[in-house]
Amino acid sequence: MRLSDVPGLTQLALALALTVSFLPTAGAQESQEQAIERRVNELLGRMTLEEKVGQLNLVSHGPPLRWEDISEGKAGAVLNFNSAQDVARAQALVRESRLKIPLLFGLDVLHGFRTQFPLPLGEAAAFSPRVSRLASEWAAKEASHVGVNWTFAPMADLSRDSRWGRIVEGFGEDPTLGAALTAARVEGFRKGGLAAAAKHFAGYGAPQGGRDYDTTYIPRAEMYDTYLPPFRAAVEAGTASFMAAFNALNGEPSTANPWLLTDVLRTQWGFDGFVTSDWVGIGELVNHGIAADGAEAARKAILAGVDMDMMGQLYINHLPDEVRAGRVPESVIDESVRRVLRTKFRLGLFDRPDVDSSHQDSEFPSPESRQAAREVARETFVLLQNRDDVLPIPSKVRSIAVVGPLADAPQDQMGPHAARGHKEDSVTILEGVRRRAQNAGIAVRHAPACDLFCRNTDALPAAIEAARQSDFVIAVFGEPQELSGEAASRARMDLNGKQIEVLEELAKTGKPVALVIMGGRPQVLGPVADRIPSILMAWYPGTEAGPAVADVLFGDVSPSGKLPLTWPRATGQLPLYYNRLPTGRPTLANNRFTLHYIDENVAPLYPFGWGLSYTHFAYSDARIASRQLDEGQVLEVSVTVKNAGARDGQEVVQLYTRDPVASRSRPLRELKAFEKIALKPGETKQVTLRVPVESLGFHFDDGTYLVEAGAIQVFVGGSSLADQVGEAEILKTLRIPPLERRASVSTGVAQ
Ligand code: BGC
């Protein structure tokens, strides 16, 4: 199967453009968008109130959906229809309905459909919009092959708290990285044939205590500065829809939050697609204590700007009566229906042929999708430490012990939300190492040492024996899939079970040990960071975990991932992030009355943006093009990067800034631009990173953006510890009202 064999939205948009240009009415000058608006309004004019509300109803496969609801016009969108046969049956029923309005078929296609790519947090470690586009395009191609046309992704929720299990579904802690990759994912999904839903709007990634679904308090200025930029980037990239979050934000549940859904999303950002609730999110307004019953919940949600009710049945059951009773103006319903219909027209659904019911997801993984999954996965691995250059595995090694239950965990390596992933398709780390070792005539022994959750260590002696008999030990431990994802918050992030004990015993053998961590968040490593010299964070690498991990362990490819979040030493440090504000009492050794814990080092174990390679990079000759910056100008910083080692490698060149004296405390560092480059040994490249002056300020609670005159410090390097390379001066203070603010994605992120 080749990309060109699958109808993507590009082709559909073309078909739509052709259809529209031959429409009879409307005059010669009618644009495509005008033609869509005309068709939307014509259709809307023919709809009964019940049919309108039907368009706002999103129901899952199985109860409460009855198949006849589709032919009766009572569902505008469905979810969890995963096979072409079911999609085709639903599409046939649509044609029996009075108005024949096509359905949206939604699904959580997050990191692959049948072929599993790394989870988004791992994908973020690639620091590469190109990689993110590639992964999401593949996910979309496979899903759209069986008729899915809408994904509940990307998750644009930034999070600074890895206790929250869903941190694995997003891009970590940084707004610039999050915005760039959210946009790339929206584009990739579209290219592969899926409309996107940016979720969960908003603040869902900062629940108190890291507890999924718990309440969130984020000042509005901080929402604008930190949590909203990835969502705004989704709008700029053309996301078709948004999903409202479960959480209450500053006491106002997101599902009935007019500030978020109307003032910010529609008025300030100009978004004209539609918003769906999350699963029964409207009904949960009763639990939130802002609605007495389902009718009031439906009323508050639609008036705030939620257009579609996912699985609540509250719109379909209550909105017609709410309108008839005069509590909800019909014009509000009309506007929501318009947004849904507009999206369907834009996607070309009215002009699309039905899915071919003979299509099967089992046509994947194909050799091409496997190759793409392997290429993406190996960009995501982060080499956290590599004392004594234990990795890559030296060529003199003749035997390897692969130890740990996650080395042979075909289900777990796919990670949570694996859509139609089948563990039978997975190539495990054990298998990948075996294949690669066989080519080199290296013997491989496998010993799990303990069960998946590492509670039972009866098998430890056999693992120690295998290690003793081998020249090299690859230990694969971490977090089974069940401990990550939705509803998987953790109060203790330590390597769970008896993993520490097992790893200490392995270290005692005196053999070189490389630890590969699989998991959806940083693990608290405790003594392991000292005992094990080499640690590679592999996240959940997906279907091709084995070949990708082997590529990196054996040194066929150098690791190039960088941490998209700060790695703590202890769970009690959370929330922890690099772009924090200064304190009046910065940490001073031996002075407890400064920023300190009395029982733990206050610094993270590994900082944001961190990741080693098998080669090393020398930075020199950093230059700021113009040190004085006026309105409309760009801070342009160039630096020379040399591969000063003996192997091929890739480096993520990162630019951070700080406003050291402002009217308000500003972060110690903020990532503003980055670019990933590949260098051969000895090769040198000049990298130029650009940041518009209009991206060097901060927001007020009302959305006004202020760029203050004065000095801006500039740091460039391979992590958030980058050295300061100079200072620029902003000449004039700029005050930009919310309606004039350009998208925050317009930073200098190389595509
Ligand atoms: C999740 C969403 C998801 C939805 C549909 C909810 O529980 O919060 O992220 O898209 O289910 O599966």
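FYI, side chains are in, hydrogens and waters are out, and symmetry mates aren't considered; it's all heavy atoms of this structure. In each ligand, atom 1 is the first atom listed, and ligand 1 is the first ligand listed.
Considering backbone and side-chain N/O atoms, Glu169 never comes within less than 3.5 Å of an N/O atom of ligand 1. Taking distance alone, with nitrogen or oxygen atoms compared against 3.5 Å, Trp279 stays at or beyond that limit from ligand 1. In terms of N/O distances under 3.5 Å, ligand 1 is not approached by Tyr204.
Listed by number with element, the atoms of ligand 1 under 4.0 angstrom from any heavy atom of Lys199 are 2 (C), 3 (C), 9 (O), 10 (O). Here is the list of ligand 1 atoms found below 4.0 Å of a heavy atom in His200: 2 (C), 8 (O), 9 (O). For ligand 1, the atoms lying closer than 4.0 Å to a non-hydrogen atom of Phe152 are 10 (O).
At least one donor-acceptor pair under 3.5 Å links the side chain of Glu479 to the backbone N or O of Gly520. Between the side chain of Asp86 and the main chain of Phe81, no donor-acceptor pair closer than 3.5 Å is present.
Using a 4.0 Å cut-off between heavy atoms, Arg166 contacts ligand 1 through its side chain alone, with no backbone atom that close.
Taking the six-membered ring for Trp, His145 and Phe113 have ring centres at least 6.0 Å apart. In this structure, the ring of Phe345 has its center less than 6.0 angstrom from the ring center of Phe350.
When each of Asp108, Thr276, Thr239 is checked for a side-chain hydrogen bond (donor to acceptor under 3.5 Å, both in side chains) with Lys199, only Asp108 meets the rule.
Between Arg66 and Glu72, at least one side-chain nitrogen of the basic residue sits less than 4.0 Å from a carboxylate oxygen of the acidic one, meeting the salt-bridge criterion.
Relative to atom 1 (C) of ligand 1, the option among Leu79, Asp278, Asp108 with the closest non-hydrogen atom is Asp278.
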